[in-house]
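Working notes, structure below.
Note that the structure is predicted; figures quoted are calculated from it, not measured. In what follows, chains are A, B, ... by sequence order, proteins preceding strands, each numbered from 1.
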Protein chains: 4
Amino acid sequence: MASQVPKAGRPRSEPARRAVLTACGELLQQGGLRAATTDRIAALSGVSKATIYKWWPNKYAVALEAFLSQMNAESPDPDTGSAAEDFRLTVRGTARFYASPIGRIFAQLLAEAQSDPTEASDLIGRLVTSRRGVVRAIWDRGVLRGELRDDVDPDVALDLFFGPLVYRMLAGHAPLDERAADEVVRVALTGLNRTNRNKT
Amino acid sequence: MASQVPKAGRPRSEPARRAVLTACGELLQQGGLRAATTDRIAALSGVSKATIYKWWPNKYAVALEAFLSQMNAESPDPDTGSAAEDFRLTVRGTARFYASPIGRIFAQLLAEAQSDPTEASDLIGRLVTSRRGVVRAIWDRGVLRGELRDDVDPDVALDLFFGPLVYRMLAGHAPLDERAADEVVRVALTGLNRTNRNKT
Amino acid sequence: MASQVPKAGRPRSEPARRAVLTACGELLQQGGLRAATTDRIAALSGVSKATIYKWWPNKYAVALEAFLSQMNAESPDPDTGSAAEDFRLTVRGTARFYASPIGRIFAQLLAEAQSDPTEASDLIGRLVTSRRGVVRAIWDRGVLRGELRDDVDPDVALDLFFGPLVYRMLAGHAPLDERAADEVVRVALTGLNRTNRNKT
Amino acid sequence: MASQVPKAGRPRSEPARRAVLTACGELLQQGGLRAATTDRIAALSGVSKATIYKWWPNKYAVALEAFLSQMNAESPDPDTGSAAEDFRLTVRGTARFYASPIGRIFAQLLAEAQSDPTEASDLIGRLVTSRRGVVRAIWDRGVLRGELRDDVDPDVALDLFFGPLVYRMLAGHAPLDERAADEVVRVALTGLNRTNRNKT
DNA sequence: ATATAACCGAGACGGTACGTCCCGTCTTCCA
DNA sequence: TGGAAGACGGGACGTACCGTCTCGGTTATAT
């Protein structure tokens, strides 16, 4: 009932919107964020620059949306009954995503946001927070089931799993494969202290 | 005994080198990486653009070196006899650094490297690896003293401490203060599993 | 009927074009070709460098066009009925032009073309050939009327009049005033041989 | 007896001087004046830039001297007893020279002088005036022998021969070969008026 | 023979202009 | 009114050449 306002004149062209996102996505995959210049997006999509800037505030917003529309069904949302197993599956999936070509684009978007505080928060909000809800649910279930500690800040807990992945994606100082993901989960759960000797 | 070669010709001007780094550092602090344009660095330092490009391949290399020369004595290197305590101090220091204005620049440099694979690896190497040696020593001491597990990949261990900090610095989804640092250390050491109930 | 094509998109800005030429002409008059740098033209005209380079291949093309637009109505095109008189008037006018400040710019453009064969031919074509038609007509009329010889290569004939002027403009080894112009015409018509003693 | 001052210290290195001129000449022939940059001259000759600038005020002075040292024995100085014949030979030689690759360099030097009035006069003086004496002698002999008119400004007379050559060299609007040279001489001597019908 | 002054190579430096690239805004005409 | 086409101002980039400068080392002459 909100958008029931009749809106005089010609409505926004949905094909144009899709063409922009498709073209941008293609350019992102081929040459990363740097290759996705507005001119090129316009040329490839057949949509004029003016139209692009009419619907997105700047080219990063376009890239962000193009990126999000590509990682739609990527992320797993497991519920095996074991928090440890759920985390293992999720962290593995995230690692795979970060290591993929699309993950590079994620890094570049995250990077770009560092210099552009205006649009950055929204960008980060949509990129990071969206995933956050899913894994938060895993955590809560684990705590409820008595598998996980209830005296830990959930944000810290989740960062213990995903921080290392982000770090490796950006700095590339160590591998970002399935073994690494599993090790992160194992150690995060059991702790680094020597006395904490127990099974995952 | 290596650099005893007389080196023909006028030697590189040390004042010029320093002026460039100082000027760049100033611009970085004032307006971030975006404000540190080559023209402005040249104007502020009194060093010509040609000279700058003679000694640094591009402006990010200048910014990187200016940045490194500013964080010289920043980082603590504790050895209290307790690995837990050492990590707490180090992680606290790192968190403080990341949260500071200079930390923002670190983020931007890390960011820039995402799109520039050529110079990126060196950049990351100098930014990340340099710190890594110090904390690795803490880890090794802890393992030797029997405080820490010896069945854990040290890279994973260290990432468990610093990954969350990097993540928060870049994404800003959660605070990056002393409390957060302490909580990260505490949880990383003791683990997230319920059965791991013990003091740090 | 040729330019009836509607031409999509925003049309080229005529004010911008004129502003560039005006600014360039001003700079040319003040400091010669050397003073007419692209940056200064851009600054003075208010037209961006990118736009300038969009419409002219380099700054000499701009200078050439600015120069041509200034010497529009300068050149006389006499038809007195006497070829001798016509040439006298034309050569006088040309000498005056060469000796003027604008003439200096002509010299510099001609000069620049010597090192730049790519754009040079067009440059010379527009600078030299354009004038050539007018004086060629004088020659042809004179031949038709029986005043001038019909066994002489017209190109040589014209060069006999104008070559000396160009030579003096560039080398400056002798004056380039009205008397010199008249003398050139007189001698070119009557020849240097002693036996050729007759009135102009 | 003027330069008998003993001059303490090491004298100027003649090999260095020659190396500079040779290197510069080579570069001039290969790529014209534009290719003869000071750095390249220094590199090719093995003489340092400082030394070059110690002995020549700027690079055009070097190019000029290198050029002059190459056109030493080029120019004919005929004395056949006939002024017409002498001029024909001289003008032919000059045309050949102007049309040659070295002639291109002459054009470029002449050109460069247009924007640099400081050093220009000397440059022109040495390039143009030096040749002028030889042909002036031909003229004077012709007048004395009664072959040529004595009521003509000699400067105008000479320019009638050489002006067209310079013009064609710079503008390239017409050929610059032996036929053209001969035609210039023929017409200059006999004049363009119809009544002046006689053999050279 | 030794001092000393001028030389010379190498090459770093400040300055100035170049031409290119991309961004985000604008203007014009068409559907 | 939406949109395609594309021109425009702004501003940074990295390169090239000029002419000056500072090193350390060399060489001819004057004492």
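Regarding I41(D), its CD1 atom lies at a distance of 14 Å from the P atom of dG9(E), rounded to whole Å. As rounded to whole Å, 14 Å separates atom C1' of dC13(F) from atom CG of L33(B). Atom pair L44(C):CG and dG9(F):P shows a separation of 14 Å (rounding to whole Å applied). To the nearest angstrom, P of dC22(E) lies 12 Å from OH of Y53(A). Rounded to whole Å, atom C1' of dG2(F) lies 14 Å from atom CD of E14(A). What separates OH of Y60(B) from C1' of dC13(F) is a distance of 10 Å, to the nearest Å. If you measure from atom CG of D39(B) to atom C1' of dG15(E), you get 13 Å, rounded to the nearest angstrom. Rounded to whole angstrom, the span from the CH2 atom of W55(A) across to the P atom of dA4(F) amounts to 12 Å.
Residues T37(C) and T37(A) both approach DNA chain E. Their nearest nucleotides, taken by heavy-atom distance, put T37(C) toward the 5′ side. Of the residues near DNA chain E, S48(D) and G9(C), the one whose nearest nucleotide (by heavy atom distance) lies more toward the 5' end is S48(D).
Using a 4.0 Å heavy-atom cutoff across all strands shown, R17(A) reaches no nucleic acid atom at all. Residue contacts for A42(C): at a heavy-atom cut-off of 4.0 Å it reaches no nucleic acid atom on any strand shown. Contact annotation for K49(D): base contact, defined as any heavy-atom pair under 4.0 Å involving a base atom. Using a 4.0 Å heavy-atom criterion, one finds that R34(C) contacts no nucleic acid atom at all.
In terms of polar N and O atoms assigned as donor or acceptor, the side chain of R10(C) comes within less than 3.5 Å of the base of dC26(E) in a complementary pairing.
Using a 4.0 Å cut-off, some side-chain N or O of K54(D) falls inside it from OP1 or OP2 of dC7(E). Put simply, T51(A) has a side-chain N or O that comes within less than 4.0 Å of OP1 or OP2 on dA4(F). Note on K59(B): every side-chain N or O is 4.0 Å or more away from OP1 and OP2 of dA12(F). Using a 4.0 Å cut-off, some side-chain N or O of T38(D) falls inside it from OP1 or OP2 of dC18(F). Between dC7(E) and S13(D), no contact under 4.0 Å exists linking OP1 or OP2 to a side-chain N or O. Residue R12(B) has no polar side-chain atom (N or O) positioned under 4.0 Å from OP1 or OP2 of dC23(F).
R17(B) and E65(B) are joined by a salt bridge, as a carboxylate oxygen and a charged side-chain nitrogen come within less than 4.0 angstrom of each other.
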